[in-house]
Protein chains: 2
Amino acid sequence: MKKLTRAELKSELMNAGIRPSVQRLAIYEFVRMSKAHPTAEVVYEALREELGSLSLTTVYNTLKLYTDAGLILTLNIDDGFLHYDGDTSLHAHFRCSSCGAIHDLAVKSDYSNWFEGSGDFSVTEAQLYLKGLCPKCKSCKN
Amino acid sequence: MKKLTRAELKSELMNAGIRPSVQRLAIYEFVRMSKAHPTAEVVYEALREELGSLSLTTVYNTLKLYTDAGLILTLNIDDGFLHYDGDTSLHAHFRCSSCGAIHDLAVKSDYSNWFEGSGDFSVTEAQLYLKGLCPKCKSCKN
DNA sequence: TTTATTTTTGTAATCGTTTCATTTTTATTT
DNA sequence: AAATAAAAATGAAACGATTACAAAAATAAA
């Protein structure tokens, strides 16, 4: 995973037919560079100072725009918030029921190998969500 | 999968330390027997006549009780509603983006075989959610 | 500049779910 | 059986993350 420059991120937006406004580029950069699967609120709080003005509605609108364009993933991992993931490559998500952190997990094969009858259903998206204790919380017993 | 009698369902509740009131048994029977992954609202509408009186709060409370007891599954498959599944055995869920129906899919192996690093994380629950077109909607192109 | 289009913004609304206090039902004790 | 205690059901109200909406600001086109 190579680090992307701001110019490259801008190109990705334009290639997707999305005009890279200041807000849009900042939001895209934040989500693409983050590994913490931030919520809209987190994105908003992280960028409002840097941008001077920013509205939570813009954050939601923009994240939806990117999701529909296939640039990012929207995760619904059942903690009451939508989370956003700038990494669209195949991987699973683990949420720690103790600390709430969401971790990426490498999967061993494509999802089409996981279940039967793949021919009958036309699968466009697959999400594997795992729950339990992360290594840190497991050892601390908290 | 053998059909369960009402007496057997009652025993399952009692074995879980749950007192089988009229409402509880009716809700449990409905969810255990259904293959449609109903929402709380669906359960409520299906049983309110039969029971004479029933409140939506009771349905929510009871379904939460069963989920915490491990008797049923709560599915958060990202359509704005929580769905409930009386089948707790290992299987994946497919939601059709056209008709909204949720289908069960048999999986080829235990989830622990799907991802790397299973030793580091203590996994207590796994859900594989798939999205796309179901066979019917696929053929009808609607 | 004028005009049209796109994007951002703040407020208000949405609505599935939860909280809470009260009532009803069920179990236990006297 | 009556009295008491405990559990469950109920309806109304609250919650809160997300979305809808209309106005304002920014950008592009003429």
Side-chain angles (χ1 to χ4, degrees), chain A residues 10 13-14 16-31 37-69 71-85 95 100 102, chain B residues 10 13-14 16-31 37-69 71-85 95 100 102:
Chain A
K10 197 176 202 171
L13 290 183
M14 292 172 73
I18 295 171
R19 314 211 340 223
S21 70
V22 175
Q23 290 90 338
R24 282 177 174 176
L25 187 54
I27 292 169
Y28 189 56
E29 182 181 33
F30 186 85
V31 174
H37 312 89
T39 63
E41 182 72 29
V42 168
V43 175
Y44 172 67
E45 289 299 335
L47 297 177
R48 61 186 307 187
E49 271 193 65
E50 169 187 338
L51 291 179
S53 107
L54 179 64
S55 91
L56 189 51
T57 300
T58 297
V59 175
Y60 275 109
N61 289 344
T62 305
L63 293 172
K64 184 134 197 292
L65 181 70
Y66 296 160
T67 300
D68 292 344
L71 294 172
I72 67 172
L73 293 176
T74 298
L75 308 180
N76 189 342
I77 201 168
D78 202 26
D79 66 348
F81 304 87
L82 295 178
H83 294 260
Y84 300 91
D85 190 346
R95 178 167 67 81
I102 298 173
Chain B
K10 198 176 201 171
L13 290 183
M14 293 172 73
I18 294 171
R19 302 185 22 198
S21 70
V22 176
Q23 289 90 340
R24 283 177 174 177
L25 187 53
I27 292 170
Y28 190 54
E29 181 180 35
F30 185 85
V31 173
H37 311 90
T39 63
E41 182 72 29
V42 167
V43 175
Y44 172 67
E45 289 301 335
L47 298 177
R48 62 186 307 187
E49 271 194 64
E50 169 185 339
L51 291 180
S53 106
L54 180 64
S55 90
L56 189 52
T57 299
T58 297
V59 175
Y60 274 110
N61 288 344
T62 304
L63 292 171
K64 182 132 198 291
L65 180 70
Y66 295 161
T67 300
D68 292 343
L71 293 172
I72 67 172
L73 293 177
T74 297
L75 308 180
N76 190 342
I77 201 168
D78 202 27
D79 66 348
F81 304 86
L82 295 178
H83 294 259
Y84 300 91
D85 191 346
R95 178 168 67 82
I102 297 174

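In what follows, every heavy atom counts, from backbone to side chain, and hydrogens, waters and symmetry copies are set aside. Keep in mind that what you see is a predicted model, and the values were worked out from it rather than measured.
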Shortest non-hydrogen separation from [X] to [Y] and the atoms involved:
X	Y	result
B/A16	B/L71	CB-CD1, 4.0 Å
B/L13	B/P20	CD1-CB, 4.0 Å
B/Y84	B/A40	CE1-N, 3.9 Å

request  = Only counting residues at least two apart or in another chain, list the ones meeting side-chain contact (heavy atoms from CB on, under 4.5 Å) with B/D85.
outcome  =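 Applying side-chain contact (heavy atoms from CB on, under 4.5 Å) to B/D85 gives B/H37, B/L73, B/L75, B/D87, B/H91, B/H93, B/D104.
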key: Test side-chain contact (heavy atoms from CB on, under 4.5 Å) applied to A/L65 - qualifying residues, sequence neighbours left out   = A/I18, A/R24
task = Name all pairs fulfilling the side chain to side chain donor-acceptor pair (under 3.5 Å) condition that reach into residues 56-66 of chain A, sequence neighbours left out, sorted by first residue then second.
result = A/S55-A/T58
Rounded to whole angstroms, how far apart are [atom1] on [X] and [atom2] on [N]?
X	N	atom1	atom2	result
A/L54	C/dT7	CG	P	16 Å
A/I27	C/dT9	CD1	C1'	12 Å
A/L47	C/dT8	CG	C1'	15 Å

query = Which nucleotide of DNA chain D is the first, and which the last, in the 5' to 3' direction, to come under 4.0 Å of a heavy atom belonging to chain B?
reply =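 Range of nucleotides touched by chain B: D/dA7 to D/dA12.
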ask   = Base, sugar-phosphate, or nothing: which does B/S21 touch, judged by heavy atoms less than 4.0 Å apart?
value =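 Sugar-phosphate only.
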request  = Just name whichever nucleotide pairs with D/dA30, Watson-Crick or G-U, keeping both distances under 3.5 Å, else none.
outcome  =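 With both distances under 3.5 Å, D/dA30 matches C/dT1.
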G-U wobble or Watson-Crick pairing nucleotide for C/dT30 (cut-off 3.5 Å, both distances) = D/dA1
Solution key, residues 42-52 of chain A side-chain donor-acceptor pairs under 3.5 Å, sequence neighbours excluded:
unit_1, atom_1, unit_2, atom_2, d
A/Y44, OH, A/R48, NH2, 3.4

task = Under the side-chain contact (heavy atoms from CB on, under 4.5 Å) rule, what do A/T74 and A/L63 come out as? Steps first, then yes or no, please.
result = CA-CA 8 Å; A/T74 298; A/L63 293 172; 5.9 Å; no
ask   = Taking protein heavy atoms under 4.0 Å as touching, what does nucleotides 16-29 of chain C look like 5' to 3' if B marks base contact, S marks sugar-phosphate-only contact and - marks none?
value = SSBBB------S--
